[in-house]
Amino acid sequence: MSNSVTLKKMVPLLVVAALFIAFFALGFDHYLTLDSLHDNEAGLRALVARRPLLSAAAFILTYTIAVGLSLPGGAILTMTGGFLFGLWIGAGLSVAGATSGAIVIFLVARLAVGDLLRARAGPFMARMAEGFEKNAFNYLLLLRLVPVFPFWVVNLVPALLGMNTRSYVAATAIGIIPATLAFAAVGDGLGLYFSAGSRVPLSEVFTPEMISLRLGLALLALLPMVARWAMRRWRR
């Protein structure tokens, strides 16, 4: 009976894995490139002008699916949002899509393997889960602001450690805003580069101002954890 329940829980994860493989097997990854965006510029702009709300909904859905399947190309999608909808609307749609996709993979991981992994991982995982629960929002916010690990990894770990869903959603949405704005800003100016036939300077994403902003926000996320550590040391 338990094996049957475990298998049923694994079904969503197996579906995600199958769709991930199918995405590359069918060659859909070729559409997640700047060259593809350039080639389809006229058609995409015409579609957005003719059906703006439908186009926005389709963009969010596409972004959600991409993140939910842990596909590469988040930066390209964010630049596409800025390119088609402008900086602010494009960034907002990208945040909505990325957060929605992160929620999907978070819930799938929690349903499929979260309880099983914690049950078999022993006291070490239990201690990690306890520490993560105490500072979950700040930990995740820090990981979003300083992308040391791939986006899909940061989506999975909180699910495996039992993070509260509301805190996960809030930390994800807030933490991805700086990078999203940077890539959307580059996307907003892509038309100039396409017209000139020049390469897109992604160095514009990592300007000193943007790096300083992300580091500053990361330090703010660290403050509560540092304060708790200092209080424990003082009490001892």
Side-chain angles (χ1 to χ4, degrees), residues 31-34 36-38 40-107 137-138 140-147 150-152 154-155 158 165-194 200-202 204-207 209-218 220-221:
Y31 293 101
L32 282 178
T33 63
L34 290 179
S36 176
L37 180 60
H38 178 269
N40 296 281
E41 175 182 1
L44 289 172
R45 285 195 181 277
L47 179 61
V48 171
R50 190 168 61 251
R51 296 283 191 274
L53 295 180
L54 181 61
S55 299
F59 178 80
I60 292 176
L61 179 61
T62 301
Y63 212 132
T64 299
I65 293 172
V67 175
L69 296 181
S70 299
L71 300 174
I76 300 297
L77 282 171
T78 304
M79 286 190 284
T80 300
F83 178 68
L84 295 176
F85 302 99
L87 169 58
W88 297 107
I89 295 178
L93 296 176
S94 296
V95 169
T99 303
S100 299
I103 293 171
V104 170
I105 196 62
F106 174 84
L107 295 177
F137 180 86
N138 300 97
L140 183 56
L141 184 60
L142 181 64
L143 290 174
R144 296 298 192 196
L145 291 168
V146 184
F151 191 74
W152 65 270
V154 183
N155 289 339
T165 304
R166 290 183 180 179
S167 297
Y168 174 84
V169 173
T172 296
I174 295 171
I176 65 177
I177 286 175
T180 299
L181 284 172
F183 280 105
V186 173
D188 193 26
L190 277 179
L192 296 175
Y193 298 108
F194 286 164
V200 179
L202 294 184
E204 291 188 4
V205 177
F206 305 104
T207 62
E209 293 80 10
M210 181 54 63
I211 293 174
S212 298
L213 173 62
R214 297 183 72 171
L215 289 178
L217 292 172
L220 286 176

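- Residue Thr172 holds its OG1 atom at 6.0 Å from CZ of Phe151, rounded to the nearest 0.5 Å.
- Of all the heavy atoms in Val95 and Ala173, the pair that sits closest is CG1-O, 4.0 Å.
- Remark: Arg45 is positioned above the aromatic ring of Phe83, its terminal NZ or CZ atom under 6.0 angstrom from the ring centre and at most 45 degrees off the axis.
- The nearest pair of heavy atoms linking Asn155 to Ala102 is OD1-CB, 3.5 Å.
- Remark: Leu44 engages Leu37, Asn40, Leu84 in a side-chain contact (heavy atoms from CB on, under 4.5 Å) (not counting sequence neighbours).
- For the atom pair Leu77 CG and Phe183 CZ, the distance stands at 11.5 Å (nearest 0.5 Å).
- With rounding to the nearest 0.5 angstrom, the CG atom of Asp188 is 12.5 Å from the CZ atom of Phe85.
- The two residues Ser55 and Val48 come nearest to each other via the heavy atoms OG-CA, 3.4 Å.
- Atom CG of Leu181 and atom CD1 of Ile176 lie 10.0 Å apart (nearest 0.5 Å).
- Nearest heavy-atom pair across Ala98 and Val67 is O-CG1, 3.7 Å.
- Screening Thr80, Thr99, Thr78 for a side chain to side chain donor-acceptor pair (under 3.5 Å) involving Tyr63 leaves a single residue, Thr78.
- Atom CG in Leu61 sits 12.5 Å away from atom CG in Leu93 (nearest 0.5 Å).
- Residues Tyr168 and Leu107 are not in side-chain contact: their nearest non-hydrogen atoms beyond the backbone lie 4.5 Å or more apart.
- With sequence neighbours excluded, the residues forming a side-chain contact (heavy atoms from CB on, under 4.5 Å) with Val154 are Leu140, Leu143, Arg144, Phe149, listed by chain and number.
- With a 6.0 Å radius and a threshold of 12 heavy atoms from other residues, nucleotides or ligands, Ile89 has its CD1 atom at or below the threshold.
- Looking at Ser36, its side chain never comes within 3.5 Å of a backbone N or O of Leu32 through a donor-acceptor pair.
- Rounding to the nearest 0.5 angstrom, the gap separating the OG1 atom in Thr64 from the CD1 atom in Ile105 is 12.5 Å.
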